[in-house]
Amino acid sequence: MSLAMTSVDQSGAPWVLNPAFRIQGGDLVNEAEGTRLTLTPPLRELWELGERRDGAPAVRLTEEAEKALRRIRLIVPPDASAAATGGLARTAGTPLSLPAGTRAAAAVWGLIGAPVDLGGPPGPRPKDAVPVIRQALAGRFRLLAQPGTWSWTLRARPAEGLPGLVDHGDLAVHPQTDTGAAAHERLRALVGTVLAQGHRPLVIGGDHSIGYPVISAVAGRHPALRVVHFDAHADRRPAGNAVTADCGNFVSWVLSEHPHVEWLTIGVRGVDTNLDQATNGRVSYLTAEEARAPEAADTIARFCAGAPVHLTVDIDVLDPAYAPDVVYPAGGGLDPATLTALVRSVAAAGRLVASDLVEACPSPSGRHLTAAHLADLVETVQLAEAGQVVERVVGRGSPVHNFAGEDA
């Protein structure tokens, strides 16, 4: 792949050199992220031009070069450069990928693992579930991408219509030195680099505090954003004097920072002793009981209505009978089939531009059922988007017969 520069600016998007990179001998090295690049003449020229300050000519790249350099984070959006100094992400232990299918302009998902956890009761923690969820996703993606895989949900082979997926690694978190605010700042910057590449962020956590930096970054790109939030809890405690959001008030932080974002929370139940109702005109609710009613899908369709949508899921929206490995279980929750159907409604009614899925903990038994449910929801979205593309080989409601020995 050529990295030669040109006078034609293909994307027009602003960028700066990632300050985490340094020249070491004949290489460009980002020690924080474990990246090493051979310092070829085009890269050296780029580096020298980019480091000039006064009167330097604008550096313009070919489209191919820009994509390659953004992908390895040698260039980053200007507002990500401060956080990038300490590294943004590291290669995951289980890197994932999915073929882009037949659509030339497929809206690619950009996967980020976010092992962020701001504390809570003792026991298994959500930050430790990221590799478990990755392993569950790896198995599902292998099946989905096989040409012979048949989906009974679609009554079609999904492989040709699947959206693409690019793995951007796991957020670089330094548990001994990072504050919650530092981790959130770095995650917001990482999401910004994913958006700058034209990818839709797909973030797996971690606790629900990550919703604040992730949704804030997405709202900066999509001012008319609507958020569909599945959760047993409203997460609307007042922000108070804290320096960043936690898992119980991240909604309040997002709404305060982005006054045009509208919000629909689905699955809430029980009681809330400290609910911030300052922005209730922009927030709607469906309780768990209401979410089980047939009208729930219509409510979702009206709320999304073709708008850019961020889907955020706290897996404790499920009843503890199905998702036992969560920090704050609440009885009376949804069953997996209901949740899957409602997520399908979101994908059908809106234009999904980002998603985060959080709050699964690893299981002491090793079964990891709760993490598997999060992976199931990613598969649900993949199939829903594939279903908007692939030809229905067999019509819905028609039984499949194979009397002639032909492949159905």
Side-chain angles (χ1 to χ4, degrees), residues 1 67-68 71 91-113 130-169 194 197-204 304 309 311 313 336-337 339-357 368 371-408:
M1 179 177 294
K67 286 181 177 179
R71 181 71 185 90
T91 301
T94 308
L96 304 173
S97 63
L98 194 66
T102 56
R103 289 178 292 171
V108 172
W109 287 100
L111 182 66
I112 299 171
V130 171
V132 175
I133 299 168
R134 280 181 166 279
Q135 289 172 3
L137 286 174
R140 285 157 178 76
F141 286 177
R142 280 195 297 270
L143 291 176
L144 286 177
Q146 289 179 10
T149 294
W150 178 268
S151 167
W152 283 109
T153 300
L154 303 181
R155 287 185 177 264
R157 293 184 178 86
E160 291 300 315
L162 290 170
L165 184 136
V166 174
D167 196 334
H168 292 266
V194 171
Q197 295 176 55
H199 300 167
R200 295 178 292 167
L202 171 61
V203 186
I204 53 175
C304 296
V309 172
L311 172 67
V313 180
L339 178 58
T340 297
L342 294 176
V343 168
R344 270 197 216 105
S345 296
V346 175
R351 179 166 55 87
L352 277 177
V353 296
S355 180
D356 66 84
L357 303 102
H368 306 307
H373 284 309
L374 276 185
D376 288 341
L377 294 179
V378 176
E379 179 178 350
T380 294
V381 171
Q382 292 282 333
L383 287 173
E385 295 189 341
Q388 297 169 10
V389 178
V390 298
E391 179 182 0
R392 269 53 169 189
V393 180
V394 180
R396 291 189 183 277
S398 301
V400 177
H401 298 296
N402 197 14
F403 300 130
E406 297 175 354
D407 184 7

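Atoms considered below: every heavy atom in the structure, side chains included; atoms not considered: hydrogens, waters and symmetry mates. Numbers for residues simply follow the sequence, beginning at 1.
Looking at residues two or more places apart in sequence or on another chain, you find a side chain to side chain donor-acceptor pair (under 3.5 Å) between His168 and His199. Here Thr94 pairs with Leu96, Arg134, Gln135, Ala138 under the side-chain contact (heavy atoms from CB on, under 4.5 Å) rule; sequence neighbours left out.
Val381 places a side-chain heavy atom less than 4.5 Å from the side chain of Glu385. Side-chain contact between Phe141 and Val378 is present, with heavy atoms from C-beta onward closer than 4.5 Å. Within the 4.5 Å cutoff, the side chain of Val194 has no heavy atoms near those of the Leu202 side chain.
Of all the heavy atoms in Leu98 and Pro163, the pair that sits closest is CD2-O, 3.6 Å. Listed here is the closest heavy atom pair of Ala159 and Ala145: CB-O, 3.8 Å. Nearest approach of Ile133 to Ala371, heavy atoms of both residues: CG1-CB, 3.8 Å.
In the displayed structure, Arg71 atom CZ is contacted under 6.0 Å by more than 12 heavy atoms of other residues, nucleotides or ligands.
Legend: salt bridge (Lys or Arg N to Asp or Glu O under 4.0 Å) pairs involving residues 371-382, not counting sequence neighbours, sorted by first then second residue: Arg140-Asp376, Arg140-Glu379.
Note that the CD1 atom of Ile112 and the CG atom of Asp167 stand 9.5 Å from one another [nearest 0.5 Å]. Once rounded to the nearest 0.5 Å, the distance linking CG of Leu311 with CG of Leu357 reads 6.0 Å. Here CG of Leu154 is found 5.5 Å from CG of Leu383. Values are rounded to the nearest 0.5 Å.
Here the side chain of Thr149 pairs no donor or acceptor atom with the backbone of Leu144 at under 3.5 angstrom.
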Tell me which donor-acceptor pairs under 3.5 Å the side chains of residues 340-350 have, and how far apart each pair is, sequence neighbours excluded?
residue, atom, partner, partner atom, Å
Thr340, OG1, Pro336, O, 2.9
Ser345, OG, Ala341, O, 3.2

